Each structure stands twice: as C-alpha cells, then as structure tokens.
*Asks:* 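The structure's right below; bear with me while I get my questions together.
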Amino acid sequence: GGLFSALNQLVSQWVAQSQVTSFFVVVYTGLQSGSVVALSTSGYLADSSYGWPSSFYLYGGLSFIVSVLWFIFVYDSPSQHPFISDEEKTYIQKHVKKVSESNKNVRIPWRSMLTSMPVWAIIVGCFSDSWVFTMALGLPTYFEQVLDFKIENDGLLSALPYLGSCVVYLGIGFISDYIRKHHLSTTYTRKLIACFVYFPTAACLIAVNYTGCDNTSLSVALMVMSLCFLALNQGAVTVNQMDISPRYCSILVGITNTSASLAGCLSPWVIGYFTNGNPTREQYRKVFFCAASVATAGGLFCIIFMSGKVQPWNDMNEEKEGESPSGNTACGKSINVSDECDGYDETEHLVRS
C-alpha cells in the first residue's frame, strides 16, 4: 500500500511536467503485466515437482531483490542522487517543480487540502473507479451463474482484460501528454479523458446484462471493453494528484487510495446482497445498474470539479519560509515549469466563495 504513495512522490520530483503522465503509466503498467505473468506462471509452478510453495518462494525472493535495488538506487530528489550525471541532474531540476527538501517546520495544510474540491474530485473518482473495477472483475461469476459459461476455462480469455489494460495504459499516457502539449490545458485534458472513462464503462455494464446465453463472445468483449475504458483513468484521475500538489501528492495518494479500498470492500457486499441465493439475470441487473449509476455520478463530479492546476495550499510552507512568490499570490516563481500555473483554480475559487 505504501508503495503507491512513494511512487507518485518520486515521479513528481524526477519527471518533467510535460512527460509526467507518460512516465507514470509506464510505471503502473507493471501492475497489469505483473498480474499476467504471475497468473500464467503460478499454475505451472504448482504442477511442477517443487509444488505450490515454489510460487511463494519465487515471488518473495523477487520482492526481496527489488527491495535491495530500491534502497540502493532510489533517492528523494536528483540533487541527492550520487550516480546520475551533472547534465541529467541539471535537465531534471530545470523541468521539474522545485520542492523544498527540508522537512523542518513543515505543516501539512490539512484543512485547505480536505476542503479543496479538486481533491474531492479525485477521491470520488477513485471511489467510482474502484467500485466499477471490482464489479467488472465479478463478471465471470455472472457468466457462470447466468450464462452458464466459465471464462476461467480459457486462459487467453482470462488474461484478455489485463492485456487490454496494459495496451491502454501505455497509449493513454503518451496521448494525454501530447494533448496537453499541443492542444488543451492539463485541466481540460484530464476532464476530456474522464468523459471516456466513466460513461462508456457504465454503458458496457448495462449492455452486458442484455446479452443472451448464445452470445458469450459479445459478453466477454463488453467485459474487456469496460476494463479497458477504466484503464484510461491513468491519464485522468489517477495521475491528477501530481497535477494539483507535487509537494503533497504522496499524502493525496494515501487519501484517495483509502476511498478506492472502501469501494472495493463495499462493492462485493452489494453484489452479495442482491445475488446470494438468487443469482438470476433480474438480480444481476440491479447490480449492474447500481455500478453504472456510481460510474455516471463519479464521472459527472470529476468533470465539474477536477483541476489540472497546482493548488494554492501546495506552497503555503514555502511562502511562510520567505520564498515570496512573484506576481500571482496563488502560484510562486517555483511553479513556472507548469503551463497550468496561472492563478487560483476557477472552480476552487467559486466553491469557496
């Protein structure tokens, strides 16, 4: 759990603002590719002469090796890293927003953070994403109980959602950064991608409940499409913490991941409430409409309140320490690497007013 916060904070301090989405999704592609590799190899290991414990030894050993490499090569900022060249260090420091490396007398602006509507847009977006993702992963159970089709019997079909998500992850990162660089601001880019995340996913979940038992191919295609649409969120909500607060993005990741975990706990309970003892198409229809409603409401909330601008509370401590901003009081001189830092966020200002 703590790894996600650490990764976001590292990306925000090591990657140029114009490339942050592309780099972020490449890193997170490891989640999906790791799932594909682990699921495909664990069965072979269990059937081997070494038995099922071998998979635990293998993945545990790999985790230990990665931990050692992490402690050797990972540093908080380029200025602290002993192995990179001066040329690379200068380039990174030129294109990345400078965050004070001193942790002394740093007061986290909890009130400003928790009353910020862009923060709540991420919280709601992550909750909706996790709710629908958990629901989509439960579709194979629906196929078996209602359509009498076991997707688990086909290894390729079981891996398709993860393979599709990997492709979408990589594509949306580069597309998002291209749009931000040449066509739209970060705010409107995030909102545009969010439109293609929540609403098509809701449509797929509703449509899958109306496919017949004789059309399992369409049902599987809709399941894969729903998860691929959700994967687009890597270019919208999931990366948005680094947009609005490079300094506190690790804290925001902890908060938003908590909301996602809450949805992951509640969603299976709702499925069980409607279907336990009576797994009929009518009961599952309630489940799917519930998930579609959550996706639609979450998408609307994100589109209205999401922002791509660095929020004023991101630099409160720096201003108090004497690093007075020049020009606009919402964004200091240290944020000039961002094409979004041109004042207070309009949505935030209206809400607070």
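Model, not experiment: these values are computed from the prediction. Nothing fancy with the numbering, it's 1 onward along the sequence.
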*Asks:* Can you name the nearest heavy-atom pair linking Ala207 to Leu222, along with the distance?
*Replies:*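 Distance-wise, the nearest heavy atoms are C-CD1, 3.8 Å.
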*Asks:* Tracing side-chain links under 4.5 Å among I, L, V, M, F, W and Y, which residues wind up in one group with Tyr57?
*Replies:*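 Once heavy-atom contacts under 4.5 Å are chained together, Tyr57 still belongs with nothing else.
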*Asks:* Other residues, nucleotides and ligands only: do more than 12 of their heavy atoms fall within 6.0 Å of CZ on Phe274?
*Replies:*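 Check passes, neighbour count above 12.
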*Asks:* Where do Asn240 and Ser307 come nearest, in terms of heavy atoms and distance?
*Replies:*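 Heavy atoms only, the tightest pair is ND2-O, 2.8 Å.
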*Asks:* Do any N or O atoms from the side chain of Ser128 and from the backbone of Val124 form a donor-acceptor pair under 3.5 angstrom?
*Replies:*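 Flag set: sc Ser128 to bb Val124 pair under 3.5 Å.
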*Asks:* Treating Ser130 as the side-chain partner and Cys126 as the backbone partner, does any N or O pair qualify as donor plus acceptor under 3.5 Å?
*Replies:*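 Answer holds: no.
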*Asks:* Between atom CE of Met242 and atom OG1 of Thr186, what is the distance when rounded to the nearest 0.5 Å?
*Replies:*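 Answer for the CE-OG1 pair, Met242 versus Thr186, is 11.5 Å.
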*Asks:* Does Phe73 belong to the same Ile/Leu/Val/Met/Phe/Trp/Tyr cluster as Leu62, with side-chain heavy atoms less than 4.5 Å apart forming each link?
*Replies:*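 No, it is not one cluster - the side chains of Phe73 and Leu62 are not joined through contacts under 4.5 Å.
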*Asks:* Within this structure, what is the OH-CE distance for the pair Tyr248 and Met113, rounded to the nearest 0.5 Å?
*Replies:*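 It is 6.5 Å, given to the nearest 0.5 Å.
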*Asks:* Determine whether Val237 and Leu114 fall in the same hydrophobic cluster, where Ile, Leu, Val, Met, Phe, Trp and Tyr are linked whenever their side-chain heavy atoms lie under 4.5 Å apart.
*Replies:*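 Same cluster: Val237 reaches Leu114 through Ile, Leu, Val, Met, Phe, Trp or Tyr contacts under 4.5 Å.
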*Asks:* Going only through I, L, V, M, F, W and Y residues with side-chain contacts under 4.5 Å, is there a path from Val167 to Tyr178?
*Replies:*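 No: no chain of side-chain contacts under 4.5 Å links Val167 to Tyr178.
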*Asks:* Is Gln311 close to Ser116 at the side-chain level, that is, under 4.5 Å between some pair of heavy atoms?
*Replies:*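 Heavy-atom side-chain distance check passes, below 4.5 Å.
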*Asks:* Would you give the length of the straight line joining atom OG1 of Thr189 to atom CE of Met306, rounded to the nearest 0.5 angstrom?
*Replies:*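 Interatomic distance, Thr189 OG1 to Met306 CE, rounded to 0.5 Å: 11.0 Å.
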*Asks:* Under 30°, 30 to 60°, or over 60°: which ring-plane class applies to Phe301 and Phe305, parallel, tilted or perpendicular?
*Replies:*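 If you compare the ring of Phe301 with that of Phe305, the planes turn out tilted.
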*Asks:* Distance from Cys290 atom SG to Leu205 atom CG, nearest 0.5 Å?
*Replies:*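 Rounded to the nearest 0.5 Å, the SG-CG separation comes to 10.5 Å.
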*Asks:* Could you grab the distance from atom OG of Ser226 to atom CD1 of Ile206, nearest 0.5 Å is fine?
*Replies:*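 So the gap between those two atoms works out to 12.0 Å.
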*Asks:* Can you give me the closest heavy-atom contact between Thr134 and Gly264, atom names plus distance?
*Replies:*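 In terms of heavy atoms, the two residues are closest at OG1-CA, 3.7 Å.
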*Asks:* Distance check, rounded to the nearest 0.5 Å: Phe196 atom CZ versus Ile172 atom CD1?
*Replies:*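 Going from the CZ atom of Phe196 to the CD1 atom of Ile172 covers 9.5 Å.
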*Asks:* Can you find a heavy atom in the side chain of Val294 that is under 4.5 Å from one in the side chain of Trp131?
*Replies:*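 Yes, side chains in contact.
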*Asks:* Taking Phe289's backbone N and O only, do any of them form a donor-acceptor pair with Ser293's side chain (distance below 3.5 Å, no angle check)?
*Replies:*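 Yes, because the side chain of Ser293 sits within donor-acceptor range (under 3.5 Å) of the backbone of Phe289.
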*Asks:* Around atom CZ of Phe71, are there more than 12 heavy atoms of other residues, nucleotides or ligands at under 6.0 Å?
*Replies:*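 Result for CZ/Phe71: open.
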*Asks:* Test side chain to side chain contact (heavy atoms under 4.5 Å, CB included) on Phe229 and Val224; report intermediate values, then the result.
*Replies:* CA-CA 9 Å; Phe229 280 124; Val224 175; over 6 Å; no
*Asks:* Report yes or no: does Ser259 contribute a side-chain atom to a donor-acceptor pair with the main-chain N or O of Thr256 at less than 3.5 Å?
*Replies:*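 Such a contact is found between Ser259 side chain and Thr256 backbone.
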*Asks:* Write down the atom of Thr187, the atom of Gly308, and the distance for their closest heavy-atom approach.
*Replies:*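 Looking at all heavy atoms of both residues, the shortest contact is OG1-N, 2.7 Å.
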*Asks:* Taking all non-hydrogen atoms of both residues, which atom of Ile193 and which atom of Gly235 are closest, and how far apart?
*Replies:*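 Closest approach of Ile193 to Gly235: CD1-O, 3.3 Å.
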*Asks:* Does the side chain of Asp129 pick up a donor-acceptor pair with the side chain of Tyr198 at under 3.5 Å?
*Replies:*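 No, Tyr198 and Asp129 have no side-chain donor paired with an acceptor closer than 3.5 Å.
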*Asks:* Kindly give the heavy-atom pair with the smallest separation between Gly125 and Cys302, and that separation in Å.
*Replies:*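 Scanning both residues, the minimum pair turns out to be CA-SG, 3.5 Å.
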*Asks:* Consider only side-chain heavy atoms of I, L, V, M, F, W and Y, link residues closer than 4.5 Å, and tell whether Trp269 and Ile271 are in one cluster.
*Replies:*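 In one cluster: yes.
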*Asks:* Is any side-chain heavy atom of Leu252 closer than 4.5 Å to a side-chain heavy atom of Ile244?
*Replies:*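 In short, these two side chains touch, coming nearer than 4.5 Å.
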*Asks:* Any non-hydrogen side-chain atom of Asn233 less than 4.5 Å from a side-chain atom of Phe133?
*Replies:*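 With C-beta onward as the side chain, the pair stays apart.
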*Asks:* Going only through I, L, V, M, F, W and Y residues with side-chain contacts under 4.5 Å, is there a path from Val66 to Phe56?
*Replies:*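 Different clusters.
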*Asks:* I'd like to know whether the aromatic ring centres of Tyr188 and His183 sit less than 6.0 Å apart in this structure.
*Replies:*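 When the ring centroids of Tyr188 and His183 are compared, they turn out to be at least 6.0 Å apart.
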*Asks:* So, Asp243 and Arg190, do they make that salt bridge, N to O below 4.0 Å?
*Replies:*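 So Asp243 pairs with Arg190 through a salt bridge.
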*Asks:* A side-chain contact here means heavy atoms from C-beta on lying under 4.5 Å apart; do Asp177 and Phe174 qualify?
*Replies:*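 Sidechains of Phe174 and Asp177: no contact.
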